[in-house]
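Worksheet: the structure to be examined is printed underneath.
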Amino acid sequence: MEHYAEHPDVIFVCVKGYSLQETIPFIKRIARKNTIVIPVLNIYGTGGKMQKELPDLLVTDGCIYVSANIKEPGKLLQHGQILHIVFGVRDKAEFRPELKEIQKDLCDSHIDGTLSENIRREALEKFSYVSPIGAAGLYYHATAADFQKEGEARELFKTMIKEIAALAEAMGVPFQKDMAEVNLKILSNLAPEATTSMQRDIMAGKQSEIDGLVYEVVRMGEEYHVPVPAYEKVAEKLRVL
């Protein structure tokens with residue numbers, strides 16, 4: 001039996017999407033009534049799903065910008081200087097002053113913390129990169145180099161971003177910038193041989209986030225009556241992997 005001397009004020013959930021369900025019993029066991037849960041997964045809508053399973057706690061939405069990998073158990077290796085956490089409540093009525101304290105604690109720890117006024121939009125903006133790059137990367141067995149030059153892979157990537165933008169519009173949180181341009185700039189700074197963690201997981205025969213990063217977009221298209229033909233094409237091919 002595990003024992004905890006203190007209950008945490010805040011819990012950051014940083015697992016892969018396929019491990020999310022395993023965190024729920026642990027959070028229930030260690031949290032107190034005022035504990036705030038902040039998921040920073042790549043998959044959109046995680047906070048809302050967790051909130052239903054943790055009705056007595058405040059679960060925000062969030063996302064993280066970082067490039068890192070596990071070097072060995074208990075040690076993470078960060079690549080580059082970017083370490084940015086964006087979080088916030090989906091409903092302004094749920095706002096609590098402690099959220100500003102969390103933002104300050106992050107910044108005091110040399111982590112760029114942003115308490116967002118519109119976390120649904122900001123999380124979708126992040127999703128508009130990680131989902132298309134992972135999906136198109138798998139579809140074409142592509143590396144960053146394939147997206148950094150003109151061609152089919154780059155065009156598919158841009159088309160999938162536009163489909164996410166159409167979803168954002170239908171969801172009432174339209175993007176306020178050209179996310180294709182923003183995401184191509186991100187891509188331009190990657191090492192040519194770079195791939196996504198979803199690609200690496202699938203190629204290694206491991207569990208992956210393909211359901212939340214690819215198939216979920218097809219489901220969202222159906223839910224919001226938004227055509228997503230590029231995602232449907234990619235999902236159809238990837239289902240046979």
Side-chain angles (χ1 to χ4, degrees), residues 14-20 40-46 63-71 76-80 82-84 122-168 175 177-221 226-241:
C14 313
V15 300
K16 291 289 186 73
Y18 51 77
S19 298
L20 185 65
V40 291
L41 283 69
N42 284 333
I43 296 169
Y44 182 76
T46 303
C63 57
I64 186 170
Y65 292 85
V66 65
S67 177
N69 65 278
I70 297 173
K71 187 175 181 181
L76 299 177
L77 177 63
Q78 182 179 335
H79 311 287
I82 296 174
L83 180 50
H84 184 195
E122 296 209 43
L124 261 179
E125 286 179 354
K126 167 75 185 293
F127 190 72
S128 80
Y129 175 78
V130 294
S131 171
I133 194 66
L138 271 175
Y139 188 83
Y140 282 113
H141 300 287
T143 65
D146 297 299
F147 297 106
Q148 290 166 340
K149 62 187 179 185
E150 295 298 333
E152 286 186 15
R154 187 180 174 98
E155 287 307 307
L156 178 61
F157 177 62
K158 288 159 61 176
T159 299
M160 298 180 95
I161 295 169
K162 289 174 183 173
E163 291 183 356
I164 299 287
L167 279 170
F175 294 151
K177 45 195 168 187
D178 184 342
M179 292 311 301
E181 183 180 320
V182 171
N183 292 337
L184 285 170
K185 187 173 181 181
I186 293 172
L187 255 178
S188 69
N189 292 315
L190 294 182
E193 68 275 10
T195 57
T196 67
S197 61
M198 181 170 70
Q199 285 175 268
R200 295 191 295 272
D201 285 343
I202 287 180
M203 292 305 106
K206 299 178 181 177
Q207 277 188 294
S208 79
E209 295 184 299
I210 194 168
D211 184 76
L213 290 180
V214 183
Y215 306 148
E216 177 66 14
V217 179
V218 176
R219 294 192 290 265
M220 289 166 70
V226 173
V228 287
Y231 268 97
E232 288 174 352
K233 177 180 76 171
V234 170
E236 185 177 356
K237 177 179 177 179
L238 297 186
R239 286 185 197 279
V240 301
L241 286 179

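Given the structure is predicted, the values throughout are model-derived calculations rather than measurements.
Around NZ of Lys162, the count of heavy atoms belonging to other residues, nucleotides or ligands within 6.0 Å does not exceed 12.
Shown here are the side-chain contact (heavy atoms from CB on, under 4.5 Å) partners of Pro227, two or more places apart in sequence or in another chain: Pro229. Qualifying salt bridge (charged side-chain N to carboxylate O under 4.0 Å, His left out) partners for Asp146, counting only residues two or more places apart in sequence or in other chains: none. Glu150 meets the salt bridge (charged side-chain N to carboxylate O under 4.0 Å, His left out) test with Arg154; sequence neighbours excluded. Every residue meeting the side-chain contact (heavy atoms from CB on, under 4.5 Å) condition with Ala123, not counting sequence neighbours, appears here in chain and number order: Tyr44. The side-chain contact (heavy atoms from CB on, under 4.5 Å) test applied to Ile70 returns Leu76, not counting sequence neighbours. Taking the side chain to side chain donor-acceptor pair (under 3.5 Å) definition, one finds that Tyr129 meets it with nothing, sequence neighbours left out. With sequence neighbours left out, the side chain to side chain donor-acceptor pair (under 3.5 Å) criterion links Glu232 to no other residue. Residues meeting the side-chain contact (heavy atoms from CB on, under 4.5 Å) test with Thr46, sequence neighbours left out: Leu20, Pro39, Leu41, Ile43, Met50. In this structure, the ring pair (Phe, Tyr, Trp, His ring centres under 6.0 Å) partners of Phe157, at least two apart in sequence or on a different chain, are Phe147.
Screening residues 123-144 for salt bridge (Lys or Arg N to Asp or Glu O under 4.0 Å) gives Glu125-Lys177 as the qualifying pairs, with residues at least two apart or on separate chains. Within the structure, side chain to side chain donor-acceptor pair (under 3.5 Å) pairs that include any residue of residues 205-218 comprise Asp211-Arg219, Glu216-Arg219 (at least two apart or interchain).
Of all heavy-atom pairs spanning Val234 and Ala135, the tightest one is CG1-O, 3.8 Å.
Between Asp201 and Tyr18, the closest side-chain pair of non-hydrogen atoms falls below 4.5 Å. The side-chain heavy atoms of Met203 and Leu138, taken from C-beta on, include a pair separated by under 4.5 Å. Contact of the Val66 side chain with the Ile82 side chain is not registered, since no non-hydrogen atoms from C-beta on lie closer than 4.5 Å. Between Phe127 and Cys63 the shortest side-chain heavy-atom distance does not fall below 4.5 Å.
Distance alone, capped at 3.5 Å, places no donor-acceptor pair between the Ser19 side chain and the Val15 backbone. Between the Gln148 side chain and the Leu184 main chain, no donor and acceptor come within less than 3.5 Å of each other.
For the pairing with Pro132, the side-chain contact (heavy atoms from CB on, under 4.5 Å) check across Asn183, Ile161, Val214, Val217 returns one residue only, Ile161.
Salt bridge status for Lys233 with Glu236: absent, with no side-chain N to carboxylate O gap under 4.0 Å.
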Output side-chain donor-acceptor pairs under 3.5 Å for residues 191-198, partner residues at least two apart or in another chain, one line each.
{"residue": "Thr195", "atom": "OG1", "partner": "Arg200", "partner atom": "NH1", "Å": "3.3"}
{"residue": "Thr196", "atom": "OG1", "partner": "Gln199", "partner atom": "N", "Å": "3.2"}
{"residue": "Thr196", "atom": "OG1", "partner": "Gln199", "partner atom": "OE1", "Å": "3.2"}

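Separating the CG atom in Leu124 from the CD1 atom in Ile164 is a distance of 7.0 Å, to the nearest 0.5 Å.
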Is there a side-chain contact (heavy atoms from CB on, under 4.5 Å) between Val40 and Cys14 once you walk through the steps? CA-CA 6 Å; Val40 291; Cys14 313; 3.8 Å; yes
